[in-house]
Amino acid sequence: MRRRHFMVLGMAALALASSGAVATAAKPPTTWDNLVQVPSKRFKLVYLAPGADFRAYNKVMLDPTEVAFHKDYVRDQNTSRRGLSNRISDSDVQKAVEQGKTAANDIFAKAFTDGGYTVVQAPGPDVLRVRTGLLNISVTAPDVMTAGRSRTFANEAGQATLVVEVRDSITGELLGR
């Protein structure tokens with residue numbers, strides 16, 4: 001049961017990240033790997049290659065999604081827990097990461113398909129290579145199994161950083177992040 005709840009934890013982090021919540025530094029750089037920051041209505045930070053034109057692309061090739069919890073997530077969660085039975089283990093986090101990768105891959109494939117792109121497995125002149133990541137995941141109140149009935153309430157679900165990087169599938173040229 002404990003692992004099933006951790007899967008829900010991973011899905012909550014995915015939902016949070018896809019809603020556009022982005023953890024950022026106080027003042028982000030205006031350039032990044034020769035990309036220039038551009039304004040966006042949907043995301044806090046968007047960087048594009050100067051003159052990048054995406055009209056020629058109607059297909060996407062998705063790399064497996066990278067999923068990673070905050071470095072000190074297990075330690076931070078376990079310092080506030082009493083007893084050993086409701087602690088989060090490293091294996092719980094690894095299981096959540098693996099389940100999160102599978103779920104994220106499916107979610108992103110569906111999102112691109114629903115957006116009118118064909119998802120393909122091979123490079124081509126009209127194919128964008130898309131790399132996605134959900135990083136620095138921190139769930140405020142993970143649902144771990146405890147003896148008896150218990151409820152946990154939190155003001156926020158947590159946070160995560162969503163990263164999407166796009167490249168030309170043939171040349172590998174970085175077009176946006």
Side-chain angles (χ1 to χ4, degrees), residues 3-25 27-71 73 92-139 142 156-177:
R3 286 187 174 83
R4 187 182 76 166
H5 289 292
F6 228 84
M7 183 179 84
V8 173
L9 161 97
M11 293 306 294
L14 288 173
L16 173 68
S18 65
S19 70
V22 178
T24 60
K27 184 171 181 181
T30 56
T31 62
W32 184 12
D33 293 340
N34 296 323
L35 302 176
V36 179
Q37 185 178 1
V38 297
S40 172
K41 294 178 182 177
R42 302 185 97 192
F43 299 100
K44 286 188 180 180
L45 297 174
V46 174
Y47 294 86
L48 295 176
D53 185 4
F54 295 95
R55 291 177 289 189
Y57 301 99
N58 58 17
K59 298 175 187 155
V60 295
M61 184 173 78
L62 298 173
D63 287 351
T65 301
E66 182 179 344
V67 175
F69 279 78
H70 184 272
K71 178 182 179 266
Y73 178 72
D92 291 333
V93 172
Q94 285 303 315
K95 182 79 169 177
V97 165
E98 291 306 314
Q99 292 172 342
K101 285 179 182 180
T102 301
N105 290 335
D106 295 342
I107 289 167
F108 286 119
K110 183 179 181 334
F112 279 106
T113 301
D114 291 349
Y117 290 91
T118 303
V119 177
V120 298
Q121 301 298 317
D126 58 348
V127 178
L128 272 176
R129 184 173 197 140
V130 180
R131 183 177 154 241
T132 55
L134 295 164
L135 310 173
N136 296 319
I137 298 170
S138 180
V139 179
E156 61 181 43
Q159 63 183 13
T161 302
L162 170 65
V163 177
V164 178
E165 184 177 273
V166 293
R167 296 177 178 270
D168 180 87
S169 67
I170 293 180
T171 65
E173 178 186 5
L174 179 60
L175 300 173
R177 183 176 295 140

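It should be emphasised that the depicted structure is a prediction, and the values quoted were computed from it without experimental measurement. The figures that follow rest on heavy atoms only: side chains count, while hydrogens, waters and symmetry mates do not.
When every heavy atom of Tyr117 is checked against every heavy atom of Lys59, the shortest pair comes out as CD2-N, 4.0 Å. For Thr65 against Ala104, the heavy-atom pair with the smallest separation is CG2-CB, 3.7 Å. The shortest non-hydrogen separation linking Ala160 to Ile137 is CB-CG1, 3.9 Å. Contact detail for Met61 and Gln121: the closest heavy-atom pair is SD-O, 3.6 Å.
The CD atom of Gln37 lies 5.5 Å from the CG atom of Leu45; values are rounded to the nearest 0.5 Å. Note that the CZ atom of Phe108 and the CG atom of Asp63 stand 12.0 Å from one another [nearest 0.5 Å]. Here the NZ atom belonging to Lys101 is positioned 11.5 Å from the CG atom belonging to Leu134, to the nearest 0.5 angstrom. The CG atom of Leu35 sits 11.5 Å away from the OG1 atom of Thr30 when rounded to the nearest 0.5 Å. In this structure, CG on Leu48 lies 11.0 Å from CG on Asp53, to the nearest 0.5 angstrom. In this structure, OG1 on Thr118 lies 8.5 Å from CG on Asp126, to the nearest 0.5 angstrom.
Taking the side chain as every heavy atom from C-beta outward, Val130 and Val164 approach each other to under 4.5 Å. At a threshold of 4.5 Å between non-hydrogen side-chain atoms, the residues Leu128 and Phe54 count as touching. Residues Val120 and Val60 have side chains not in contact (no heavy-atom distance under 4.5 Å, counting atoms from C-beta outward). Residues Leu174 and Asp33 meet the side-chain proximity criterion, which asks for heavy atoms closer than 4.5 Å. Put simply, the side chain of Phe69 reaches to within 4.5 Å of the side chain of Val97, judged on heavy atoms. Put simply, the side chain of Leu62 does not reach to within 4.5 Å of the side chain of Asn105, judged on heavy atoms.
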His70 vs Gln159, test: side chain to side chain contact (heavy atoms under 4.5 Å, CB included). Steps then yes/no. CA-CA 10 Å; His70 184 272; Gln159 63 183 13; 5.8 Å; no
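Side-chain atoms of Ser40 come within 3.5 Å of backbone atoms of Phe43 as a donor-acceptor pair (strictly under, hydrogens ignored). The closest donor-acceptor contact from the side chain of Tyr57 to the backbone of Pro125 lies at 3.5 Å or more, if one exists at all. Remark: the backbone N or O of Val127 is paired with a side-chain donor or acceptor of Ser169 at under 3.5 angstrom. Asp168 contributes no side-chain N or O that, together with a main-chain N or O of Glu173, makes up a donor-acceptor pair within less than 3.5 Å.
Environment of CZ in Arg129: sparse, with no more than 12 heavy atoms of neighbouring residues, nucleotides or ligands closer than 6.0 Å.
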